[in-house]
Asks: 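Would you mind keeping the following structure in view while I ask a few things?
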Amino acid sequence: MPKHLFLALFILLLNACNPPANRQDRIDLKVDSLLALMTLEEKIGQLSLYTSDWDVTGPTMREGYKEEIRKGRVGAIFNAFTARYTRELQRLAVEETRLKIPLLFGYDVVHGHRTIFPIPLGQAASWDLKAIEEADRIAAEEAAAEGLHWTFAPMVDIARDPRWGRMAEGSGEDPYLGSRIAEARVRGFQGQGLGQLNSVMACVKHFAAYGAAQAGRDYHSVDMSERMFREVYLPPYAAAVHAGAATVMTSFNDYDGVPATASKYLLTEVLRNELKFEGFVVSDYTSVMELIPHGVASDTASAAALALQAGLDMDMQAGFYQSALPQLVASGKISKELIDQSVRRILRKKFELGLFDDPYRYSDTIRERTTIMKPEYLDKAREVARKSIVLLKNESVLPLSKNLGTLAVIGPLADARREMIGSWSAAGDWTKSVTLLEGVRAAVSPATKVLYAKGSNVNDDSTSYFQQALRIARQSDAIILAVGESASLSGEAASRSSLDLPGVQQQLVDLIQQTGKPVVVVLMSGRPLTINAMAQRVPAILETWFLGTQAGHAIADVLFGDYNPSGKLPVTFPRSVGQVPIYYSMKNTGRPLDVNSKYTSKYLDVDNSPLYPFGYGLSYTTFAYSDPVLSTASLRAGDTLAVRVNLTNTGSREGVEVVQLYVRDLVGSVTRPVMELKGFQRVSLKPGERKEVTFFLTYKDLEFCRIDGSFGTEPGQYLVFVGGDSRDVRQAAFDLL
Ligand code: GLC
């Protein structure tokens with residue numbers, strides 16, 4: 001009997017006498033038994049992930065990849081979905097290979113699968129963790145119904161440089177908000193746990209610190225202090241891992257001189273040893289191959305060896321593991337144990353997903369047909385989209401009446417169906433998205449005449465549409481002006497050196513503004529834009545990001561007052577790209593701004609302050625805050641400090657306020673941020689209603705990376721701030737003992 005067969009039977013017999021106690025042990029037994037049967041080539045196959053292709057006829061698979069699957073040399077495929085297509089590919093693996101190991105199917109389900117929700121930056125503006133979780137729950141339902149086991153999300157990269165196009169994909173600038181959202185997204189995708197037919201594996205990306213790309217240029221180097229990494233960029237990844245994320249994806253960038261995909265520090269010391277991550281790590285696209293242009297590997301073999309030794313389990317698309325590992329093992333440069341370790345991590349997930357019990361369980365055409373774009377999913381998409389809208393300015397123009405005589409809808413984004421679902425909208429069907437023009441038409445009374453003009457293109461210098469736009473503007477009682485970016489101007493490989501409105505849109509805004517009519521700008525973008533001129537001249541501005549399938553209805557709900565806007569900015573809006581990076585939790589410096597003193601930290605040509613601060617957003621009502629009252633003037637280890645504030649709706653409409661709690665450590669062994677978000681609550685109040693809002697702070701909430709590099713607290717005086725954004729706050733003080 002072949003040695004490996006004897007070993008497999010021995011393992012099975014050994015454990016038959018002493019059955020494993022729990023599910024994980026039972027899975028480990030099966031993994032070890034299977035591993036004992038596998039050849040080196042089959043093991044390396046499990047470490048290889050390849051893309052499916054799609055063309056006008058739909059999904060296609062290169063014959064070469066199909067042959068690789070038949071030979072047991074492929075562990076997973078991405079960009080392949082639908083019940084039929086995944087079933088077709090799965091059959092190759094489970095019926096034509098020697099060991100019949102099922103494939104994993106992964107895909108970028110980032111903000112919805114078929115029903116598209118607002119881009120993640122927009123969802124972050126809702127500050128509604130429950131809504132965000134529900135959105136990803138629906139995304140998982142639809143993805144799993146189409147044969148997918150795995151989404152390459154959540155993207156949790158902190159981003160403080162709006163030039164970087166992938167800011168659109170994350171949750172903004174703050175580690176506390178970003179961490180809570182990361183947890184909500186993992187819960188949404190993984191639901192009641194792997195193995196549930198409506199759950200998919202989450203994949204936390206991009207590990208690590210991808211959002212700190214120098215100059216906001218995508219794929220560029222990342223270099224920061226260990227303190228900045230551990231206090232700002234690491235927390236959301238850690239939060240997602242501790243929430244149970246099944247997988248992690250490495251980032252393209254180098255960090256402290258080492259590409260993340262080859263970084264033993266990141267992938268083993270931090271991720272495995274510190275965060276106790278037990279899933280598997282996949283590379284981003286061809287980043288194993290990219291170790292060569294990074295200049296840390298001279299050939300395929302050294303790149304593959306570096307990555308595997310660093311802790312990378314699965315090679316996406318480069319094929320370097322496939323081509324180099326056999327020889328590296330033969331030459332003794334890579335041990336079989338190292339290969340086995342990665343194979344075990346991947347096989348464990350396949351067992352947890354139930355794929356060995358039934359490899360086709362996710363590829364069910366009946367379930368697929370009854371799950372996609374259900375009416376309740378579209379309703380949820382509309383709800384999340386409404387909550388994502390941020391009211392930046394309103395000088396008594398909004399909400400608009402539904403009974404206006406004539407209403408003009410103007411702008412390159414007013415009827416731009418494709419743009420509504422934003423970047424990374426994967427399998428979303430843009431032809432099913434609702435445009436702003438359609439949303440407005442559906443909302444107003446039959447007597448209202450709605451006129452439309454494009455006014456300009458998004459990003460060219462043609463002014464040939466101006467006159468037509470001006471003509472309808474002059475005929476109207478009010479104007480809705482939809483300007484901003486196209487979806488492709490943010491997302492991957494979409495960095496911009498300017499944050500201005502692209503093309504001639506600013507000229508269009510000025511032209512329409514000069515009519516003197518009431519103008520509402522509906523801004524659509526994947527990042528903050530520098531809109532100083534607009535902010536001064538236009539009476540009402542909404543930031544609507546890219547709101548997904550139900551965009552037009554959600555914006556109309558806010559425009560006409562069917563929903564009172566409650567969104568708050570998850571990123572700072574700069575006055576100038578020259579201020580970047582600019583974020584609320586900056587350091588005070590030794591020469592804080594003093595406008596009366598030349599030699600203080602400032603610019604000669606722009607104010608230090610942002611145009612709109614982190615956490616900012618208006619409502620159609622108003623809210624008043626009392627001064628915060630603290631349960632104690634000093635906080636000892638083991639105690640809890642209660643922070644209470646009375647919030648009153650002082651306006652005439654019901655509304656939701658996101659009450660934010662910040663702290664400041666006045667003196668530390670290192671310089672500390674002037675503010676740090678430590679809590680938030682969405683509070684709904686009727687007109688005149690008042691509620692006491694309470695936050696609780698513990699010692700642990702105040703830990704930071706001290707001068708010696710350890711995490712902990714230091715005694716001293718703290719300030720507490722409470723307010724509706726990071727600027728207009730009320731404060732109190734306490735001592736940390
Ligand atoms: C891309 C992205 C990553 C995505 C992967 C697979 O390059 O960086 O976020 O998950 O490739 O599409």
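Both counts, for ligands and for their atoms, begin at 1 and track the order of listing.
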Asks: If you have a sec, work out which protein heavy atom is nearest atom 1 (C) of ligand 1 and how many Å separate them, to one decimal?
Replies: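 The closest heavy atom on the protein side is Glu492 OE1, 3.2 Å.
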Asks: Tell me the protein heavy atom at minimum distance from atom 8 (O) of ligand 1, and give that distance in Å.
Replies: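 Its nearest protein heavy-atom neighbour is Asp284 OD2, 2.5 Å.
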Asks: Should Glu42 and Arg73 count as an ion pair when the cut-off is N to O under 4.0 Å?
Replies: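 Salt bridge between Glu42 and Arg73, a charged N being under 4.0 Å from a carboxylate O: no.
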Asks: Does ligand 1 come near enough to Asn79 that some N or O of the ligand is less than 3.5 Å from an N or O of the residue?
Replies: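 No, there is no polar N/O contact under 3.5 Å.
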Asks: What I want to know is whether Asp108 and ligand 1 share at least one N or O pair that is separated by under 3.5 angstrom.
Replies: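 It does: an N or O of Asp108 is found under 3.5 Å from an N or O of ligand 1.
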Asks: Within ligand 1, which atoms have a heavy atom of Lys205 less than 4.0 Å away?
Replies: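 Near Lys205, the atoms of ligand 1 are 3 (C), 4 (C), 9 (O), 10 (O).
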Asks: Pairing donors with acceptors under 3.5 angstrom, does anything connect the side chains of Asp223 and Ser221?
Replies: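 No, because no side-chain N or O of Asp223 sits under 3.5 Å from a partner of the opposite role on Ser221.
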Asks: Out of all atoms in ligand 1, which are within 4.0 Å of some heavy atom of Phe252? Include the element for each.
Replies: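 That gives atoms 7 (O), 8 (O) of ligand 1.
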Asks: Just heavy atoms, cut-off under 4.0 Å: does Met155 contact ligand 1 by side chain, backbone, both, or neither?
Replies: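 No part of Met155 is near ligand 1 at this cut-off.
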Asks: What I want to check is whether the side chains of His294 and Asp254 have a donor and an acceptor closer together than 3.5 Å.
Replies: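 There is no such pair (donor and acceptor under 3.5 Å, judged by atom type) between the side chains of His294 and Asp254.
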Asks: Return a yes/no value for Tyr210: is any of its N or O atoms, backbone included, closer than 3.5 angstrom to an N or O of ligand 1?
Replies: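 No, since none of the N or O atoms of Tyr210 sits under 3.5 Å from an N or O of ligand 1.
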Asks: With a 4.0 Å heavy-atom cut-off (strictly under), which part of Gln317 contacts ligand 1: side chain, backbone, both or neither?
Replies: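 Looking at Gln317 and ligand 1, no heavy atom falls under 4.0 Å.
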Asks: So, for Trp150 and Phe189, is the gap between ring centers shorter than 6.0 Å?
Replies: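 Aromatic pair excluded; centres sit 6.0 Å or further apart.
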Asks: With a 6.0 Å cut-off on the ring centroids, do Phe78 and Phe152 count as close?
Replies: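 Centroid distance Phe78-Phe152: below 6.0 Å, so yes.
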Asks: Under a 4.0 angstrom heavy-atom cut-off, which atoms of ligand 1 come close to His206?
Replies: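 Selected atoms, number and element: 3 (C), 8 (O), 9 (O).
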Asks: For a quick check under 3.5 Å, do Glu173 and Thr572 share a side-chain donor-acceptor pair by atom type?
Replies: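 The answer is yes; a qualifying pair exists.
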Asks: Between Arg166 and Glu169, does at least one N-O distance fall below 4.0 Å, as a salt bridge requires?
Replies: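 Counted as a salt bridge, because a side-chain N and a carboxylate O are separated by less than 4.0 Å.
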Asks: Any cation-pi pair here, Arg272 with Phe277, using under 6.0 Å and within 45°?
Replies: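 Judged by the rule (NZ or CZ under 6.0 Å from the ring centre, within 45° of its axis), Arg272 is not positioned above Phe277.
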Asks: For Tyr285 and ligand 1, does the shortest N/O to N/O distance drop below 3.5 Å?
Replies: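 Between Tyr285 and ligand 1, no N or O pair is found under 3.5 Å apart.
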